[in-house]
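In this text, all values refer to a predicted model and were calculated from it rather than measured experimentally. Indexing begins at 1, ligand by ligand and atom by atom, following the structure's order.
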Amino acid sequence: MRLHVADHPLVAHKLTVLRDERTASPTFRLLVDELVTLLAYEATRDVRTEPTVIQTPVTQTTGTKLADPRPLVVPILRAGLGMLEGMTRLLPTAEVGFLGMQRDEETLEAITYANRLPDDLSGRQCFLLDPMLATGATLVAAIDFLFDRGARDVTAVCLLAAPEGLKVLEDAVGDRGDLTVVVASVDERLNENAYIVPGLGDAGDRLYGVV
Ligand SMILES: O=P(O)(O)OC[C@H]1O[C@H](OP(=O)(O)OP(=O)(O)O)[C@H](O)[C@@H]1O
Ligand SMILES: O=c1cc[nH]c(=O)[nH]1
Ligand SMILES: [Mg+2]
């Protein structure tokens with residue numbers, strides 16, 4: 001597993017406003033969108049490309065285009081939905097699949113309530129979007145869905161990760177595939193309720209309200 005922590009003053013600034021409990025939903029959504037665009041730049045560094053010959057107004061030249069098959073972007077509902085626009089702004093031709101998952105706050109297991117993914121993901125680069133990597137149970141389950149369909153190249157884009165969750169993820173993936181995790185920050189730890197500290201609270205609730 002490769003870990004990339006975005007080290008940029010704009011990321012640090014936006015993350016600080018995001019963490020602030022006084023930041024209300026409209027601003028929170030805007031900041032998530034802006035942060036994802038910054039993270040997406042890093043997350044797509046190894047996106048597959050191929051050469052293409054084009055004619056400029058001056059001459060013929062060989063450029064670069066995204067290779068087929070198109071990458072697959074998968075937001076994990078709910079909170080991951082807040083990251084979709086920011087990601088597809090950089091990858092407008094990507095296909096989009098969906099996973100709906102909710103952490104059982106008692107057992108901390110991930111419960112899957114929606115799954116709309118292509119059946120065959122062999123040879124596909126996949127980008128999972130979820131702002132929070134806490135215990136890691138949700139991302140492990142999501143990665144299993146992708147691996148079960150033949151994907152072997154997965155990048156998880158998260159805003160915050162707990163060291164505990166990163167370890168769980170690394171152990172679970174092992175050598176079954178190539179996993180890269182791109183995050184804005186690795187926080188200190190999980191608290192007794194398995195919330196990230198200092199964190200930002202419940203990302204889904206802060207984006208969309210308490211349901
Ligand atoms: O690493 P874990 O311990 O599994 O926790 C992280 C998960 O918890 C949050 O989702 P939540 O279950 O709150 O659902 P929501 O997005 O609908 O709010 C978050 O968006 C992750 O999906
Ligand atoms: O800190 C946390 C942990 C899980 N889910 C969240 O939204 N926040
Ligand atoms: Mg939530």
Side-chain angles (χ1 to χ4, degrees), residues 1 3 5 14-33 35-36 39-40 43 73-87 96-117 126-147 154-173 179-211:
M1 182 179 102
L3 174 66
V5 184
K14 290 176 195 296
L15 198 54
T16 302
V17 184
L18 198 74
R19 291 183 193 276
D20 192 326
E21 64 178 6
R22 294 168 302 179
T23 300
S25 278
T27 310
F28 192 92
R29 281 199 287 265
L30 201 66
L31 284 165
V32 169
D33 181 76
L35 277 162
V36 172
L39 295 182
V73 174
V74 182
I76 302 177
L77 309 184
R78 277 181 310 168
L81 203 53
M83 302 171 75
L84 181 59
E85 279 281 319
M87 189 72 190
V96 180
F98 293 91
L99 281 172
M101 305 184 114
Q102 187 169 8
R103 182 170 90 156
D104 181 319
E105 294 294 341
E106 299 277 305
T107 65
L108 300 180
E109 277 175 80
I111 300 158
T112 305
Y113 59 84
N115 169 4
R116 191 78 196 254
L117 295 171
C126 299
F127 294 87
L128 276 171
L129 309 178
D130 193 329
M132 310 302 275
L133 199 184
T135 66
T138 302
L139 263 186
V140 167
I143 289 166
D144 281 345
F145 274 110
L146 301 181
F147 281 1
V154 177
T155 299
V157 185
C158 305
L159 297 183
L160 302 184
E164 296 92 326
L166 286 168
K167 175 84 173 72
V168 165
L169 204 56
E170 183 162 37
D171 291 347
V173 170
L179 175 68
T180 302
V181 181
V182 177
V183 293
S185 166
V186 177
D187 275 11
E188 279 169 32
R189 61 185 168 88
L190 295 177
N191 70 11
E192 58 285 4
N193 299 317
Y195 270 71
I196 298 173
V197 179
L200 52 76
D202 187 300
D205 289 354
R206 295 201 62 188
L207 278 162
Y208 302 118
V210 182
V211 287

Any N, O or S atom of Asp202 closer than 2.8 Å to the Mg ion (ligand 3): yes
- prompt: Can you check whether Glu105 has an N/O within less than 3.5 Å of an N/O in ligand 1?
  reply: no
field: Glu21 atom CD, neighbour heavy-atom count above 12 within 6.0 Å
entry: no
query: Quick check: does Met132 get an N/O under 3.5 Å from an N/O on ligand 1?
result: no
query: Can you find a pair of side-chain heavy atoms, one from Leu200 and one from Arg206, that are under 4.5 Å apart?
result: yes
query: With backbone taken as N, CA, C and O and side chain as the heavy atoms from C-beta onward, which portion of Leu139 lies under 4.0 Å from ligand 1: side chain, backbone, both, or neither?
result: neither
Counterpart residues, side-chain hydrogen bond (donor to acceptor under 3.5 Å, both in side chains), relative to Arg22 (two or more places apart): Asp20
query: So which protein residues pack against ligand 2 under 4.0 Å, heavy atoms counted?
result: Arg103, Met132, Ala134, Ala194, Tyr195, Ile196, Gly201, Asp202, Ala203
task: May I ask you to identify the nearest protein heavy atom to atom 4 (O) of ligand 1, giving residue, atom name and distance to one decimal place in Å?
output: Thr138 OG1, 2.5 Å
- prompt: Mind checking whether Leu39 and Cys158 have side chains closer than 4.5 Å, heavy atoms only?
  reply: no
message: Could you tell me if Arg103 sits above the aromatic ring of Tyr113, with its cationic atom closer than 6.0 Å to the ring centre and no more than 45 degrees from the axis?
response: no
query: Considering all protein heavy atoms, does one lie under 4.0 Å from atom 16 (O) of ligand 1?
result: yes
message: Can you confirm, on distance only, whether ligand 1 has an N/O atom lying under 3.5 Å from any N/O atom belonging to Thr135?
response: yes
- request: Pull out every atom of ligand 1 sitting under 4.0 Å from any heavy atom of Asp202, numbered as shown with elements.
  value: 13 (O), 18 (O)
message: Test your reading of the model: is there a side-chain donor-acceptor pair from Asp130 to the backbone of Met132, 3.5 Å cut-off?
response: yes
message: Side chain or backbone, does Gly136 bring an N or O within less than 3.5 Å of an N or O on ligand 1?
response: yes
task: List in chain and number order the residues that pass side-chain hydrogen bond (donor to acceptor under 3.5 Å, both in side chains) with Arg19, two or more places apart in sequence or in another chain; answer none if no residue qualifies.
output: Ser185, Asp187
- prompt: Can you find a pair of side-chain heavy atoms, one from Leu117 and one from Leu146, that are under 4.5 Å apart?
  reply: yes
message: Using side-chain heavy atoms (C-beta onward) and a distance below 4.5 Å, is Leu35 in contact with Val32?
response: no
query: Closest non-hydrogen protein atom to atom 14 (O) of ligand 1, residue and atom name please, with distance?
result: Met101 O, 3.9 Å
field: Donor-acceptor pair, side chain of Asp104 and main chain of Leu108, under 3.5 angstrom
entry: no
message: Measuring from atom 8 (O) of ligand 1, which candidate in Arg103, Gln102, Arg78 has the nearest non-hydrogen atom?
response: Arg103
- prompt: Quick one: does Asp130 get an N or O within less than 3.5 Å of an N or O on ligand 1?
  reply: yes
Show me the donor-acceptor pairs, under 3.5 Å and distance only, between side chains in residues 163-171 and residues at least two apart or in other chains.
from	atom 1	to	atom 2	distance (Å)
Glu164	OE2	Leu190	N	3.0
Lys167	NZ	Asp171	OD1	3.1
Lys167	NZ	Asp171	OD2	2.7

query: Are any of the N or O atoms of Ala79 closer than 3.5 Å to those of ligand 1?
result: yes
query: Under the 4.0 Å line, does any protein heavy atom show up next to atom 19 (C) of ligand 1?
result: yes
Main-chain N/O of Ala110 paired to Thr138 side chain as donor or acceptor, under 3.5 Å: no
- prompt: Do the side chains of Phe127 and Val74 get nearer than 4.5 Å, heavy atoms only?
  reply: no
